[in-house]
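Reading through the structure tokens given below for one structure.
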Number of protein chains: 2
Amino acid sequence: MIPKLSHYRKIIGSEAVEQIREKAEPLEGKHVVHVNATSTGGGVAEILNNLVFLMNDVGITTGWRVILGSHSFFKVTKGMHNALQGNKWRMTNSRKRIYEEYCERNSMINHLGEHDLVVIHDPQPLGMIKGYEKKAKWIWRCHIDISSPNMDVLGYLLPLIKKYDGVIISSRKFRIKYLRRPQSIIPPSIDPLSQKNKKLDLAKAKRLLSKKGIDPDKPILCQISRFDPWKDHLGVVRMYQKIKEKHDCQLVLMGDMAGDDPQGPIIYHQIKQKSEELKDLTIITEKNDLLVNALQTASACVFQNSIKEGFALTVSEALWKNTPVLGTDVGGIPLQIKNNKTGFIIRNRKDGVKKALMILENEKMRERLGRAGHEHVKKNFLITSHLYNYINLFNRFLKPD
Amino acid sequence: MIPKLSHYRKIIGSEAVEQIREKAEPLEGKHVVHVNATSTGGGVAEILNNLVFLMNDVGITTGWRVILGSHSFFKVTKGMHNALQGNKWRMTNSRKRIYEEYCERNSMINHLGEHDLVVIHDPQPLGMIKGYEKKAKWIWRCHIDISSPNMDVLGYLLPLIKKYDGVIISSRKFRIKYLRRPQSIIPPSIDPLSQKNKKLDLAKAKRLLSKKGIDPDKPILCQISRFDPWKDHLGVVRMYQKIKEKHDCQLVLMGDMAGDDPQGPIIYHQIKQKSEELKDLTIITEKNDLLVNALQTASACVFQNSIKEGFALTVSEALWKNTPVLGTDVGGIPLQIKNNKTGFIIRNRKDGVKKALMILENEKMRERLGRAGHEHVKKNFLITSHLYNYINLFNRFLKPD
């Protein structure tokens with residue numbers, strides 16, 4: 001079903017819906033276009049897949065373009081992405097040539113010049129702006145935390161970023177250094193009506209889980225994350241061992257493996273070996289949104305034990321289901337986990353074990369954290385707030401001079 | 001490097017270049033847009049990746065949009081694709097719903113209404129036309145052979161196809177039944193300047209091959225095809241066994257495996273087992289255009305032993321390098337292999353063995369076939385002819401009334 005704002009009335013109420021519509025009125029008939037690097041896979045595509053249709057629904061003529069690129073182009077932009085998060089890497093001349101050629105190609109085949117406002121997402125299409133005589137307002141929407149960047153790459157990108165009329169970041173903490181102009185803050189969001197987040201009856205969630213060999217009546221701890229080294233799955237397994245000594249429970253690790261990451265299969269293999277010596281550990285590599293929903297719904301608490309993170313919307317997904325989250329103090333996690341309010345920020349494994357046991361042994365606490373988590377997400381991280389924030393920003397950029 | 005028509009001057013000559021430019025003149029400033037399902041992978045994307053830029057270079061403002069779709073949408077369109085080639089499959093109501101929802105989504109976010117001419121490629125975006133008030137001319141470019149279709153699917157699509165102003169097919173043989181209007185014929189093409197087809201010195205080709213463990217001084221037979229059941233790799237292996245008894249040579253099978261085809265790994269495994277008992281059989285699964293080029297350049301002859309085929313541009317790729325091709329009488333193969341002129345159409349394995357031996361043992365014949373093959377491709381299947389054919393068609397559709 002194509003998303004419409006009215007579908008969200010039952011979640012955010014009629015008043016909030018009307019408030020959004022009203023705010024969108026001056027934008028009626030304006031032409032806006034989003035440009036990003038992929039239509040499936042990844043948080044940005046997941047958000048745009050609904051947001052773009054909601055924008056159309058409130059009267060803004062909103063397009064979405066996905067850029068083209070060769071294998072070598074996407075290898076370069078992946079290097080840029082990791083470098084912007086702090087990795088060692090050099091923007092060599094040959095990498096610049098590849099990057100610039102594909103920006104130029106994309107400028108040629110996407111006639112963005114006739115729009116009122118162009119929103120470019122992340123570094124891959126950033127350089128396209130050079131290919132246009134600037135008539136529209138251009139906004140760069142940066143989804144990653146580039147507050148401690150590799151300066152070789154940021155230095156290369158800054159002159160491009162400065163061509164934009166505005167920059168959006170996800171959190172005050174992500175502020176881009178060396179960029180003097182104001183940066184607007186709009187957090188990302190989850191869609192409460194998607195397969196992954198729609199209301200799921202606990203009994204149904206348990207049925208779905210038991211089909212996967214999970215005992216629905218033993219308390220569940222879980223982590224839902226791609227099998228990559230930055231998610232520290234083995235740390236979660238070690239905490240689980242200690243927790244299980246004190247309180248009977250089970251662990252579910254669910255996530256897919258990035259096809260392009262050679263470390264994925266290694267980590268998966270390590271955990272798989274562990275799982276043979278451990279009891280009640282289930283590993284799920286299937287891509288299945290409804291199962292993620294069931295797992296977040298039925299878990300006693302959810303781990304997000306990342307070493308490095310973007311925003312980690314998986315935290316909001318769990319909180320939305322009234323499930324407390326134990327997470328590390330990185331990326332966007334502390335914006336979602338308010339310590340001892342919606343879950344706990346864990347300082348180390350020992351602390352993680354202690355906090356998990358507190359939740360397992362205190363149903364009242366679990367309920368209190370869960371309720372507060374749901375409210376926190378409702379107030380800050382729903383797609384409807386996201387829509388409102390964008391509309392607000394568009395109004396600012398498109399107001400008559 | 002972004003393709004420009006002038007780059008092709010050394011291949012097709014100044015006169016042909018000027019002829020294209022002249023033909024394009026009345027289209028100067030017209031807005032054309034191509035829409036297809038993927039920007040990488042597959043022949044259509046490979047062609048558009050150059051053709052779209054050449055169209056811009058001759059003055060036609062040409063865009064390219066890649067549609068969005070969910071996993072379930074692409075599962076449905078894959079089913080439709082196979083059914084249009086004759087597979088048993090039903091266009092159920094739930095499949096129709098999925099297909100139509102994504103066509104509608106794509107219509108909403110791609111504002112094609114303002115173009116002069118829209119070219120929709122293949123069945124995936126076919127239904128988008130319903131989402132527009134038709135002002136532009138719309139052309140459906142069908143790349144697959146749907147001359148013996150599953151009528152359940154064609155019956156569903158016909159009312160959509162009839163909304164178009166024109167239909168392009170790749171060959172007279174591919175004519176769509178039950179569609180009364182004229183169908184324009186434009187064959188697909190190869191790009192003589194790409195990594196895969198650019199002129200490669202034989203000595204350099206041999207060096208590249210010897211790095212992969214191929215003996216550059218023993219005659220090479222090869223097949224370059226995805227490991228899927230329709231390419232009959234095992235048939236090629238059996239012919240090779242017989243050929244090798246009479247004339248010392250080697251076989252190279254190169255191709256990737258479609259991630260979504262469960263039969264790929266099974267076939268690969270069968271051949272791998274065979275290769276242990278056979279001598280001089282090399283299997284390459286690497287994706288490497290320059291290596292394909294080297295292999296086609298250095299081979300004595302190339303097999304295309306398909307049971308079912310689209311156009312099979314691999315045939316033209318080999319012919320372009322003066323290498324004769326032995327292929328089956330399916331899909332677009334006989335348009336490229338003129339029997340005993342550019343290679344041989346093989347009727348069965350015994351025939352294939354006989355023809356391969358003729359070529360191996362008669363260098364003069366090999367040269368004659370090779371020269372004719374190169375000329376045949378030059379005349380019919382180069383991207384410059386493709387460009388010319390499109391321009392011709394655009395002129396027809398965009399002429400002042």
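Below, read A as the first sequence line, B as the second, and so on, with proteins coming before strands; counting in each chain starts at 1.
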Next on the checklist: List the residues meeting side chain to side chain contact (heavy atoms under 4.5 Å, CB included) with A:Ala24, not counting sequence neighbours, and say none if there are none.
Outcome noted: A:Val58, A:Ile391
Checklist outcome for this item: Comparing A:Ile67, A:Ile98, A:Val33, A:Leu68 against chain B, the one with the most heavy-atom pairs below 4.5 Å turns out to be A:Leu68
Cross-interface N/O pairs, chain B with chain A, donor-acceptor, under 3.5 angstrom:
residue	atom	partner	partner atom	Å
B:Met1	N	A:Glu101	OE1	2.6
B:Met1	N	A:Glu101	OE2	3.3
B:Met1	O	A:Arg105	NH2	3.2
B:Asn49	O	A:Arg105	NH1	3.0
B:Trp64	N	A:Ile109	O	3.2
B:Glu101	OE1	A:Met1	N	2.7
B:Glu101	OE2	A:Met1	N	3.4
B:Arg105	NH1	A:Asn49	O	3.0
B:Arg105	NH2	A:Met1	O	3.3
B:Ile109	O	A:Trp64	N	3.2

